[in-house]
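First the structure, in the form of structure tokens, and then the observations on it.
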Amino acid sequence: MQVLAVLKWILTFLFLGPVCVLLITWIFCSQLWPLLALYMVWLLSDWKTPERGGRKSEWMSKWTIWKHLRDYFPIRLHKTANLDPQQNYILGYHPHGIMSIGAFCNFGTDRAEFSHLFPGLKPYLTTLGGNFKVPFYRDYLLAAGMCSVTHSSIDYLMSHHGTGNAVVIVVGGSAEALHCNAQSHILTLKNRKGFVKKALIHGSSLVPVYSFGENEVLHQCHFATGSWKKSLQDMFQHWVGFAPCIFYGQGLFSSTSKGILPFRKPINTVVGKPIPVPRIQKPSDEQVQKYHALYVSALLELFNTHKERFGLQKSDSLILL
């Protein structure tokens, strides 16, 4: 059941979007096109939902299949401090890894017991806005509890839902995915300051989150700088917003062969202490830089405090790009 759950996740990640595009094309060319027309009319009225808090299905977040997904690795969520439900938070998730499996399992589903560890908080896992432009696929993402990571989406979540909101942003994004490596710990963070500015505008506390093991469950094929393969990745990222990663894991029937299943290595997601942030309607660059530095310092402390507990060496360190 664990293998089937992970296989379902991998196939959904890789192929659900393209399959939805093919399905739409087939329906458009068939006698069922009136149904597609009705869906498109409804879609126009629902277009802003990814930027208006989403449409999470609590039933879907408790699917048994997510329990099997969690236990395959296993994935565990660890708490280091209480988060007051009378406040709002922006959680910076690191690292991106290949598929951000830990982010989805911990904050997109309730099988890692987020609601038990942080009662009164509602997590909103954000992703690229472009993912919500594919009909049908967007509805799956919305049901899975995802929202757009656009400025207007974060503004809405921080201002229209009262308190107790925890917006989860995978800060490094697709650029960080290209640096995913089991032997090093590279984060794209130095120039990622937009989430800090949003925290200042809304007075939301910043919370660093680090997932030990996220980079180890899949191995990536890295291409030399200047090669046509690397240039293709960079071009794809520039124009589309994300870069295709060539990765491999273990085989479906053997852990010693190569395949698309992730390796059975634990993912331990540690939620750090909140960093209080004042509400400043128009923060200056100096103010953004100040709290970005505080965030980086807290993240480094979180990593160094827990790295040996979760299998890293004392000499291991974060590399910030």
Side-chain angles (χ1 to χ4, degrees), residues 9 12-24 27 36-63 66 88-93 96-97 99-110 114-115 121-177 192 194-195 197-199 201-202 204 209 236-237 239-243:
W9 161 257
T12 297
F13 183 92
L14 294 176
F15 301 118
L16 184 57
V19 167
C20 287
V21 172
L22 292 175
L23 178 62
I24 292 166
I27 294 176
L36 182 61
L38 289 174
Y39 173 82
M40 289 302 180
V41 171
W42 172 81
L43 181 61
L44 290 176
S45 66
D46 191 61
W47 192 249
K48 290 292 185 180
T49 297
E51 299 180 358
R52 296 294 182 269
R55 189 172 55 242
K56 184 174 183 176
S57 168
E58 295 299 329
W59 169 71
M60 182 175 175
S61 72
K62 293 179 172 60
W63 278 359
W66 306 136
N88 288 328
Y89 302 90
I90 292 182
L91 278 63
Y93 182 91
H96 183 285
M99 296 185 178
S100 298
I101 298 175
F104 175 77
C105 189
N106 287 309
F107 306 111
T109 80
D110 196 37
F114 179 91
S115 61
L121 285 188
K122 185 175 183 180
Y124 294 91
L125 180 60
T126 58
T127 186
L128 287 173
N131 289 324
F132 298 98
K133 298 185 184 300
V134 181
F136 302 147
Y137 182 53
R138 70 187 296 276
D139 301 303
Y140 177 86
L141 296 179
L142 288 169
M146 297 187 192
C147 298
S148 174
V149 76
T150 58
H151 292 286
S152 60
S153 175
I154 297 172
D155 287 336
Y156 186 91
L157 291 170
M158 292 287 99
S159 60
H160 286 73
H161 282 239
T163 58
N165 303 300
V167 177
V168 183
I169 301 176
V170 185
V171 177
S174 59
E176 190 172 275
R192 299 293 173 105
F195 71 106
K197 186 174 182 179
K198 287 299 179 186
I201 291 173
H202 297 284
S204 304
V209 179
F236 203 91
Q237 181 181 353
W239 289 105
V240 182
F242 68 92

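Given the structure is predicted, the values throughout are model-derived calculations rather than measurements.
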Could you tell me which non-hydrogen atom of Pro50 sits nearest to which non-hydrogen atom of Ser153, and how far apart they are? O-OG, 3.5 Å
Side chains of Asp155 and Ser152: is there a donor and an acceptor less than 3.5 Å apart? no
In the structure I gave you, are the side-chain heavy atoms of Trp63 and Thr109 within less than 4.5 Å of one another anywhere? no
Over all atoms of both residues, closest heavy-atom pair of Pro135 and Met40: CG-CE, 3.9 Å
Okay, side chain of Arg138, backbone of Asn131: is any donor-acceptor separation there less than 3.5 Å? no
To the nearest 0.5 Å, tell me how far Leu125 CG sits from Phe107 CZ. 8.5 Å
Residue of the set Val41, Leu43, Ile24, Leu23 for which side chain to side chain contact (heavy atoms under 4.5 Å, CB included) holds with Leu36: Ile24
Given 3.5 Å as the limit, does a donor-acceptor pair link the side chain of Asn165 with the main chain of Met158, or not? no
Would you say the side-chain atoms of Tyr93 pair up with the backbone N or O of Val209, donor to acceptor, closer than 3.5 Å? no
Between atom CD1 of Ile154 and atom CD1 of Ile201, what is the distance when rounded to the nearest 0.5 Å? 10.0 Å
For Ser61 and Gly108, the nearest pair of non-hydrogen atoms, with its separation, is CB-O, 4.1 Å
Assess the residue pair Thr49 and Leu142 against the criterion (side chain to side chain contact (heavy atoms under 4.5 Å, CB included)); give the C-alpha distance rounded to whole Å, side-chain angles, the decisive distance to 0.1 Å, and a yes or no. CA-CA 8 Å; Thr49 297; Leu142 288 169; 4.2 Å; yes
Check whether any side-chain heavy atom of Val167 lies under 4.5 Å from a side-chain heavy atom of Leu91, and answer yes or no. no
The test is side chain to side chain contact (heavy atoms under 4.5 Å, CB included); show your working for Val21 and Val19 and say whether it passes. CA-CA 5 Å; Val21 172; Val19 167; over 6 Å; no
Check: Phe104 ring centroid to Trp66 ring centroid under 6.0 Å: yes
Minimal non-hydrogen separation, Ser148 against Glu51, with atom names: CB-CG, 4.0 Å
Which heavy-atom pair separates Cys20 from Val134 by the least distance, and what is that distance? CB-CG1, 4.2 Å
Do you know the tightest heavy-atom contact between Gly173 and Arg192? N-NH1, 4.0 Å
dist Leu128:CG -> Thr150:OG1 (nearest 0.5 Å) comes out at 10.5 Å
Ring centroid separation Tyr39 to Phe136 under 6.0 Å: yes
For Lys198 and Leu157, run side chain to side chain contact (heavy atoms under 4.5 Å, CB included): C-alpha distance rounded to whole Å, both residues' side-chain angles, the deciding distance at 0.1 Å, then the answer. CA-CA 11 Å; Lys198 287 299 179 186; Leu157 291 170; over 6 Å; no
Pair Val149-Thr127, side chain to side chain contact (heavy atoms under 4.5 Å, CB included): steps then yes or no: CA-CA 5 Å; Val149 76; Thr127 186; over 6 Å; no
Within a strict 4.5 Å, meaning less than it, do heavy atoms of the Tyr124 and Met146 side chains meet? no
Under a 3.5 Å threshold, yes or no: a donor from one side chain and an acceptor from the other, between Asp110 and Ser115? yes
First locate atom OH of Tyr89, then atom OG1 of Thr163, and finally report the distance between them rounded to the nearest 0.5 Å. 9.0 Å
So does Trp42 get a backbone contact from the side chain of Asp46, meaning a donor-acceptor N/O pair under 3.5 Å? no
For the pair Arg55 (side chain) and Ala143 (backbone), establish whether a donor and an acceptor sit closer than 3.5 Å, ignoring hydrogens and angles. no
Any donor-acceptor pair under 3.5 Å from Thr126 side chain to Val168 backbone: yes
Gap separating the CG atom of Asn106 from the OG atom of Ser100, nearest 0.5 angstrom: 11.5 Å
Return the OG to NE2 distance between Ser174 and His96, rounded to the nearest 0.5 Å. 6.5 Å
